[in-house]
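No hydrogens, no waters, no symmetry mates; every other heavy atom, side chains included, goes into these values. Below, chain A is the first sequence line, B the second, and so on; all start at residue 1.
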2 protein chains.
Amino acid sequence: MSKKSPSPKSERILDVAEELFALHGYDGVTLRQIANGAGVDVALASYHFGKKLDLFNAVFQRRAGKLNESRLSALRACQKNAGDQGPTVEQIIEAFLRPLEIAQETGDQGWTNYLALIAYINNSPYWGQKMMSKLFDKLVLEFIEALRQALPGASDENLYWCYHNLSGALTLTLAQTGRIDKLSGGKCRSSDFEAAYNHMIPFTAAGFRVVCGATGPH
Amino acid sequence: MSKKSPSPKSERILDVAEELFALHGYDGVTLRQIANGAGVDVALASYHFGKKLDLFNAVFQRRAGKLNESRLSALRACQKNAGDQGPTVEQIIEAFLRPLEIAQETGDQGWTNYLALIAYINNSPYWGQKMMSKLFDKLVLEFIEALRQALPGASDENLYWCYHNLSGALTLTLAQTGRIDKLSGGKCRSSDFEAAYNHMIPFTAAGFRVVCGATGPH
DNA sequence: TTGAAAATTCAACGCTTGTTGAATATGCTG
DNA sequence: CAGCATATTCAACAAGCGTTGAATTTTCAA
């Protein structure tokens, strides 16, 4: 079980599990809710994926490869296009964020749910460290190295804390809690990823520059 | 029931519930785990607080007043100390963050757990909007107005998106997932709130300035 | 068309859940 | 000490949980 499952109903199970896990977390969802949402008997999830935790991992892993690929190719592209002094901080952060927006704009609601699931996991003291590291640390470290080159002389400590701030801003965006909608009286919308990134990129780039001590103009 | 409960065991129930809810979320904790951790029968939680959801709300509300008070007085203090042109962006953000650090440094582990619970709720698509708004929106809007005065000409949209980025960075810090510890190879520690804020303040202040268009020197 | 393999459902299990009413212990006031 | 209110435990409930083995349907190559 759980090697590859291209069956139509098993894919549907993953879709519904993705949506519900993102909304209520691992413990807030029952296999019966998932099966019911997928129009399927409860035993089918176990047949395809094993235990509940295996299903959770399967959902989390399903889109990770695609996501890492598109982010990495965005980084490589901006590195190619940049001159011999490498890409700017803004360009690197843009390569880190824009693929997420594109994932949303495909109209595939599944991607939006998946990103909300990442937000849930990344912010969880229980799941956060282990699950995120395994799938995303390699890529993140590559981005941090690119940022280090764009910020000569930056210390490790400053670099990692700055990434932490970027990661936090991104995580809250992906969670789509709707809080900014209410706070701003509707002027900002949680679902508007484009607006979120249009503000997040200059915001975080400025933070990196100040904290990591950009001395001269780039 | 649930009017006021200064009984020693009911306070212990709140403490344990606080810790477990912060770690595993609402659905990831059973009343029996809480009762067991508090050294108490399972029925006692219902006797003091009613339904499970009522207990959850009681935990969430318990420290909210103190937290809002200390943040507000920090804001008022920096407004007094500032000249007639008002406090700087850095000073306002500092007033927003430092009370959280002090809450941690009292050595009371309960405060750290409570802040992690806030992180869980604030990042949850299900709980986030309703629960956070009721207790914290009034204070947050006061800080945003102070920031508006420090950033003349800033648009609502820019202001709210910038606060969103600040809130995200803070939320991930409060969650204490330990991810930055692993990512940085131990150079940064999730438990080190002071280091987190020392980096977060200049980082986010720079973001506010750039996005909200600081034209002249302040 | 047949038959094996994969996919799906059916039925049930032992266990845990939140909740509640009654019984008991504790603390306090007169 | 009596007596009452509060605090706490005991015992049990109906419902829902994840999981599993057997039965049934579907798929598809020979």
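Side-chain contact check for A:Asn123 and A:Thr171: no donor-acceptor pair (N or O, by modelled atom type) lies under 3.5 Å.
Rounded to whole angstrom, the span from the CG atom of A:Leu44 across to the P atom of D:dG18 amounts to 15 Å. Distance B:Phe49 CZ to D:dT6 P: 16 Å, rounded to the nearest Å. Straight-line distance from the CG atom of A:Leu14 to the P atom of C:dA7: 14 Å, rounded to whole Å. In this structure, A:Phe56 places its CZ atom 16 Å from C1' of D:dG18, rounding to the nearest Å. Residue A:Asp54 contributes atom CG, which lies 10 Å from atom P of D:dT20 at whole-angstrom precision. Atom-to-atom, CD of A:Glu11 to P of C:dT8 comes out at 12 Å; the value is rounded to the nearest Å.
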The contact string for nucleotides 10-24 of chain C, one letter per nucleotide 5' to 3', using protein heavy atoms under 4.0 Å with B, S and - for base, sugar-phosphate only and none, comes out as B-B----BBBB----
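With sequence neighbours excluded, no residue forms a salt bridge (charged side-chain N to carboxylate O under 4.0 Å, His left out) with A:Glu19.
For B:Lys130 and B:Tyr126, the positive end sits near the middle of the six-membered ring, less than 6.0 Å away and at most 45° from its axis.
No side-chain heavy atom of B:Tyr26 sits less than 4.5 Å from a side-chain heavy atom of B:Ile121.
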- Could you give me the CA-CA distance, side-chain angles and deciding distance for B:His48 and B:Leu55, then say whether side-chain contact (heavy atoms from CB on, under 4.5 Å) is met? CA-CA 9 Å; B:His48 278 300; B:Leu55 171 60; over 6 Å; no
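Residues B:Leu100 and B:Leu115 come closest through the heavy atom pair O-CD1, 3.8 Å.
When base pairs are accepted only as Watson-Crick or G-U wobble with both N-N or N-O distances under 3.5 Å, DNA chain D takes part in stems of 3 or more pairs at C:1-28 with D:3-30.
Between A:His48 and C:dA6, a side-chain N or O to OP1/OP2 separation shorter than 4.0 Å is absent.
Side-chain rings of A:Trp127 and A:Phe56 approach one another, their centers coming within less than 6.0 Å.
The aromatic rings of A:His199 and B:Trp161 lie parallel to each other, with less than 30° between the two planes, well short of the 60° mark.
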